[in-house]
Peer 1: 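For reference, the structure I am asking about is given below.
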Number of protein chains: 2
Amino acid sequence: MAAEAPLISPVLASEVNRARIMQALYDTGPLSRAELARLTGVSRATIGSITAQLIDNGLLAEGDSRPSSAAGGKPSRPLWFAENAPPIASAHLLPGTVEAALISAGGTLLARTRREYDVHVSGGAPALEALTEALTEIRAAGSAEPMGIGVAIGGMVDTDSGSIVHIALAPALDGLPVAEHLSTTLELPTWIDVHPRVQALGDRWFGQGRGRAGFASLYTGEALGVGLVIGGSVHRGPGGTGGEVGHTTVDLHGKPCHCGRIGCWETIATHTWLRAEALEKGLPGAATLTAGPLARLAARDHPHAAELLDEYARNLAIGMANLHQTFAPGLFILHGDAVAAGETLRGRIEHQLHRGIPPHPAGPPQVAFTNLDDHATLLGAAGLVLSRTLHIAI
Amino acid sequence: MAAEAPLISPVLASEVNRARIMQALYDTGPLSRAELARLTGVSRATIGSITAQLIDNGLLAEGDSRPSSAAGGKPSRPLWFAENAPPIASAHLLPGTVEAALISAGGTLLARTRREYDVHVSGGAPALEALTEALTEIRAAGSAEPMGIGVAIGGMVDTDSGSIVHIALAPALDGLPVAEHLSTTLELPTWIDVHPRVQALGDRWFGQGRGRAGFASLYTGEALGVGLVIGGSVHRGPGGTGGEVGHTTVDLHGKPCHCGRIGCWETIATHTWLRAEALEKGLPGAATLTAGPLARLAARDHPHAAELLDEYARNLAIGMANLHQTFAPGLFILHGDAVAAGETLRGRIEHQLHRGIPPHPAGPPQVAFTNLDDHATLLGAAGLVLSRTLHIAI
DNA sequence: TAGGTTAGTTTAAAGAGTAAACATACTGAG
DNA sequence: CTCAGTATGTTTACTCTTTAAACTAACCTA
């Protein structure tokens, strides 16, 4: 329990309970009042009164009644988010590009758009403009006013002030007050967070992390990042620090990293490394190689391809083993480049990971690929709004 | 919030509130009802009724009234743990040795003892016997029955089953059901956990981590271990995994570790490394060197001593920087060997740590030495009982 | 001694969850 | 077709807890 947690008053308790009902729905899918009562361990009467409020507020709606079981009984009426419940506006700010989407309260993608902007304009006005335009466009696609805006940033941010700290490929945006600008311009509550953490929120609310207390959401490809879910909530250090797992030292006597240090995990497990190795091994398309094509080369028994795939798996597993030894998330959900390589790579990563850690009765950690395709981040930005709006600290 | 959290009923709310009052006292020290009311944001009436129960139960007692401020007013009566409140029995199981202590509810050490045992007897009966004897002895030193037993284990454990998984220097104890044995033999609820995590609980309840939402408690010396406090609670992976930070890879092309892998943090930041380097540099007493004597050598301008101290600080900082990059605890509390080297080493570690991480508006992480002397683990074992008994997940 | 200030308690009221009974709506055997 | 059985959802009387406001207690200063 966080330090200085307020005492629980009846009204706070009911607020928390309302939020937990919502969360149980997100974690499990549509549920009848009786199912909710069993799941949460309270009486059907209580669930009835709580859900009545949520239905009155237009957040939830009763679905068509489901057939009774063979034993008989009154058919249950599943509850789920109402058609016209407030949706959520989400965006992903990348160097030069903005993606935005409107997500329904239930987690379906209602609309999606993108904008390009000039990264070089100091002050970052074009980025804010692109964000505002994209969000205005998708906002118009919904029938109700969004409950808020969530933005994922491909760089370091200060979640307290809602501003960008540093984006390596877009230094002109450093210090940009994204949340402040959007909340005043669009008159909606706005939250921002770093990309891997938002991605983890996507897994937590809508993906394989649903209902789980702990897991690690890993992004691989041109960079490495991690979002850690601990105790059901995504972990944030002071001001939103943490998750910069790409720049942890794994090879003290290795190659210099672009960040200025030596042997960061990124020096052995990103595209830059993969392409350099591929070039050395004389693989075709080395300069633009990614994990997917590499796995296909390996499947076709191309010389050295399987070898390189193994090394890539081993290098990814090194950092994951470090995470396991420290945090023991129990589950790694992989996003980005690695996913395209499919089971070939997943199995190798899992194997290497299990080799690199001592046995424990709790069993070895699992390695999974995301099932959210490329929506993970935009869904996660919606999860960011949900986490902040419902008063639960996910 | 953890998945599947139960809904809050009035009676659960009051239970949680009682626990939070207790925690506020631990975090802040003796407090009057009015101060508690201000701290927790509830009315004085509420605090009055909650504390009345705790006083009736014999847990809390009113201290002598404190003088009013210059503005006048009725003098406040500080509340603190009662003299005869149930104490806590705590123990630390090491290869060959058991330490045990009786800790008052308020966190003072009432009695302390130790036992030796034969590590080589397979089945581990002597260890259990030593634990039982030591705990029986210190139990007799208290006026009231202890509220429970907390045991720190110098090795890998399964916190779910309360048994030892593996202790490197005492393989005869593998699988030993410590909690089960003690709880039936001594008829007291018993919990066990790994040493660094227990140490972190000591910091959280009684040391520099008091009242903090997040920090890392690091043990240095013959081994490296970490206990992570996140959201006010100590972090446990499934079954109590995690914290094995000594065996995270930092030097992929480094020396082999006794665990079978290459370049673990322990290969560059423990006594083994320090002594090998000292030998190479021809420092006196190299074979038994620790950080304290090394710092004194460095202070006396002994050739190479300052150099070695710098390297030691740098090597410790490498793993700490990795922890900061992933988890950003904001504060590192150091225990063990390093403490004896004093500010000389602390400053160097902090300097090296700050060099190794990118700047952020939230400010750099702090490095502190424990103020709990060698009691940290035994106090932490008491904290383990407190965490489990009060229904808060610290 | 009076007025101001702070601590702690009392009391009536409001809000929330609960248990038990009840109404509703289905299944399936006879 | 009826009726017992079963499960869902709602109503009602009740308990528990916090709260606001008034009140008492104990101190300070002028």
Peer 1: Picking from R20(B), R212(B), R210(B), R204(B), what satisfies side chain to side chain donor-acceptor pair (under 3.5 Å) with D27(B)?
Peer 2: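 Only one option passes, and that is R204(B).
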
Peer 1: Taking T28(B) for its side chain and L25(B) for its backbone only, find out whether a donor-acceptor pair lies under 3.5 Å.
Peer 2: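 Judged by distance alone, no pair lies under 3.5 Å.
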
Peer 1: Which whole-number value in Å describes the distance from E15(A) CD to dG17(C) P?
Peer 2: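 So the CD-P distance, E15(A) to dG17(C), works out to 12 Å.
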
Peer 1: So, are R33(B) and E62(B) salt-bridged, with charged N and O less than 4.0 Å apart?
Peer 2: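 Counted as a salt bridge, because a side-chain N and a carboxylate O are separated by less than 4.0 Å.
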
Peer 1: In terms of side-chain heavy atoms of S43(A), which of dT18(C), dT24(C), dG8(C) is nearest?
Peer 2: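 Between dT18(C), dT24(C), dG8(C), the one nearest the side chain of S43(A) would be dT18(C).
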
Peer 1: For dT18(D), does either OP1 or OP2 sit under 4.0 Å from a side-chain N or O belonging to S9(A)?
Peer 2: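 Indeed not, no polar side-chain atom of S9(A) lies that close.
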
Peer 1: Rounded to the nearest angstrom, tell me the gap between atom NZ in K74(A) and atom P in dT8(D).
Peer 2: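 Distance check: K74(A) NZ to dT8(D) P gives 10 Å.
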
Peer 1: Output the single nucleotide from dG9(D), dT17(D), dG17(C) whose closest atom is nearest the side chain of N17(A).
Peer 2: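 The answer is dG17(C), which lies nearest to the side chain.
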
Peer 1: If I take atom CG in residue L7(A) and atom C1' in nucleotide dT17(D), what distance separates them, rounded to the nearest angstrom?
Peer 2: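 Those two atoms, CG and C1', are 12 Å apart.
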
Peer 1: I want to verify a distance call: between dT19(D), dA16(C), dG9(D), whose nearest atom is closest to the A34(A) side chain?
Peer 2: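 Within the option list, the nearest is dG9(D).
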
Peer 1: Separation of I55(A) atom CD1 from dG9(D) atom C1', in whole Å?
Peer 2: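 Value for this atom pair: 11 Å.
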
Peer 1: Between F81(B) and Y26(B), is the ring centre distance below 6.0 Å?
Peer 2: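 Yes - the distance between ring centres of F81(B) and Y26(B) falls below the 6.0 Å cut-off.
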
Peer 1: How do R44(A) and R77(B) order along DNA chain C: which one's closest nucleotide is nearer the 5' end?
Peer 2: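 First, find each residue's nearest nucleotide; the 5'-ward one identifies R77(B).
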
Peer 1: Have a look at L386(B) and tell me which of I88(B), L201(B), I103(B) forms a side-chain contact (heavy atoms from CB on, under 4.5 Å) with it.
Peer 2: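 The residue from I88(B), L201(B), I103(B) that satisfies side-chain contact (heavy atoms from CB on, under 4.5 Å) with L386(B) turns out to be I88(B).
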
Peer 1: Rounded to whole Å, how long is the line connecting atom CZ of R38(B) with atom P of dT6(C)?
Peer 2: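 Rounded to whole Å, this separation is 9 Å.
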
Peer 1: Whether the T159(A) and D193(A) side chains hold a donor-acceptor pair (N or O, under 3.5 Å, no angle test) is what I'd like checked.
Peer 2: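 Short answer, no.
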
Peer 1: When we call it a touch if two heavy atoms are under 4.0 Å apart, what does I8(A) touch: a base, just sugar-phosphate, or nothing?
Peer 2: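 I8(A): backbone/sugar contact only, no base atoms under 4.0 Å.
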
Peer 1: Pick base, sugar-phosphate or nothing for R66(A), based on heavy-atom distances below 4.0 Å to the nucleic acid.
Peer 2: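 No contact at all - R66(A) keeps every heavy atom at 4.0 Å or more from the nucleic acid.
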
Peer 1: Just compare dT18(C), dA20(D), dG9(D) and give me whichever is closest to any side-chain atom of A45(B).
Peer 2: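 Shortest atom-to-atom distance from the side chain points to dA20(D).
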
Peer 1: Return the value, rounded to whole Å, for the distance between atom CD of E62(A) and atom C1' of dA25(C).
Peer 2: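 Distance check: E62(A) CD to dA25(C) C1' gives 14 Å.
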
Peer 1: May I have the distance from L12(A) (atom CG) to dT17(D) (atom C1'), rounded to whole angstrom?
Peer 2: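 Taking atom C1' of dT17(D) as the reference, CG of L12(A) is at 13 Å.
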
Peer 1: Nearest nucleotide by nearest heavy atom, which residue falls closer to the 5' end of DNA chain D, G48(A) or P10(A)?
Peer 2: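 With P10(A) and G48(A) compared, the 5'-side residue is G48(A).
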
Peer 1: Under 4.0 Å from OP1 or OP2 of dC16(D): is there any side-chain N or O of S14(B) that close?
Peer 2: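 Result: no.
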
Peer 1: Within the pair S32(A) and dG9(D), is there a side-chain N or O less than 4.0 Å away from OP1 or OP2?
Peer 2: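 For dG9(D), OP1 or OP2 has a side-chain N or O of S32(A) closer than 4.0 Å.
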
Peer 1: Would you say S76(B) reaches dA7(C)'s phosphate, i.e. side-chain N/O to OP1/OP2 under 4.0 Å?
Peer 2: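 Looking at the OP1 and OP2 atoms of dA7(C), neither is under 4.0 Å from any side-chain N or O of S76(B).
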
Peer 1: Without decimals, in angstroms, what is the distance between Q53(A) CD and dG15(C) P?
Peer 2: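 Rounded to the whole Å, the gap is 12 Å.
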
Peer 1: Establish whether the base of dG8(C) is bridged to the side chain of R33(B) by a donor-acceptor pair shorter than 3.5 Å.
Peer 2: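 No such pair is found, so the answer is no.
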
Peer 1: What contact category does S68(B) fall into here, base, sugar-phosphate, or nothing, at under 4.0 angstrom with non-hydrogen atoms?
Peer 2: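 Sugar-phosphate, backbone atoms only, no base.
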
Peer 1: From dG17(C), dA7(D), dT19(D), pick the nucleotide closest to the side chain of I50(A)?
Peer 2: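 Nucleotide nearest to I50(A)'s side chain: dG17(C).
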
Peer 1: For P67(A) and R18(A), take the nucleotide of DNA chain C holding the closest heavy atom to each; which residue's nucleotide lies nearer the 5' end?
Peer 2: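 Of the two residues, R18(A) wins.
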
